[in-house]
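Data first, discussion second: the structure below is written as structure tokens.
To find a chain, count down the sequence lines: A is the first, B the second, and so on, and within it residues start at 1. In this text the structure is predicted, and so the values were computed from the model without any measurement.
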Amino acid sequence: GNSVTQMEGPVTLSEEAFLTINCTYTATGYPSLFWYVQYPGEGLQLLLKATKADDKGSNKGFEATYRKETTSFHLEKGSVQVSDSAVYFCALSDRAGTYKYIFGTGTRLKVLA
Amino acid sequence: DVKVTQSSRYLVKRTGEKVFLECVQDMDHENMFWYRQDPGLGLRLIYFSYDVKMKEKGDIPEGYSVSREKKERFSLILESASTNQTSMYLCASSLVAGVETQYFGPGTRLLVL
């Protein structure tokens, strides 16, 4: 079945450091891929998405590229801020007629000033 | 902006009680979802509804039921709460299942004593 694997946290970085959070997936079809972010005490909100191979999603300085050949959708940011401290979830949705969204286990990011 | 609201942010219940969690969305979305979020397990789908009075089981439906009498409202019911149902419960909605962004409520943190 479909699955998402993302790197375990927590990830602790200093402000202005480069961020990578790895995400790989397995899917039978051609899924859409998402990164969601959950700030403390809040629900999840969409950070970025990509719907086909080689698409790059971007938002708030974060980027991720849909790599079909490596089945990956790694999240990157060139210079993190303290306000980026949150939990990040990679997710996929199977567009082959099912309703399911599959989420990774989440990666906690802590950015120190 | 889409708004998804949940009836309570925090809830404390006793074992054996019947518990109602309510979710309301204001964007006329067809699809609504209930997840539970546990550390190290990510989000797991409990139930999904694709239309009024229509529902489908997710990955972990045991011990839960749902009700969708109106398009904007999706209720999760714990028929007889147990301590292993202590968790964070997240409601979400989307316009088109499996493709579009899901919009999440702030979550209800439920403690069953």
[X] portion near chain A, given a 4.5 angstrom heavy-atom threshold:
| X | answer |
| --- | --- |
| B/L90 | side chain |
| B/R9 | side chain |
| B/Q6 | neither |

Could you check whether any side-chain N or O of B/N31 sits under 3.5 Å from a backbone N or O of B/L95, counting only pairs where one atom can act as donor and the other as acceptor?
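Yes.
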Backbone N or O of A/M7 within a donor-acceptor pair of the A/T107 side chain at under 3.5 Å?
yes
Residue pair A/S72 / A/T24, side-chain donor-acceptor N/O under 3.5 Å
no
Tell me yes or no: between the side chains of B/Q37 and A/Q38, is some donor less than 3.5 Å from an acceptor?
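Yes.
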Among A/L44, A/L46, A/V4, residue most engaged with chain B (heavy-atom pairs, under 4.5 Å)
A/L44
Applying a strict 4.5 Å limit to non-hydrogen atoms, the region of A/Q6 in contact with chain B is neither
Among B/Y35, B/F33, B/F104, ring-ring contact (aromatic ring centres under 6.0 Å, His included) partner for A/Y101:
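With A/Y101 as partner, ring-ring contact (aromatic ring centres under 6.0 Å, His included) holds for just one option, B/F33.
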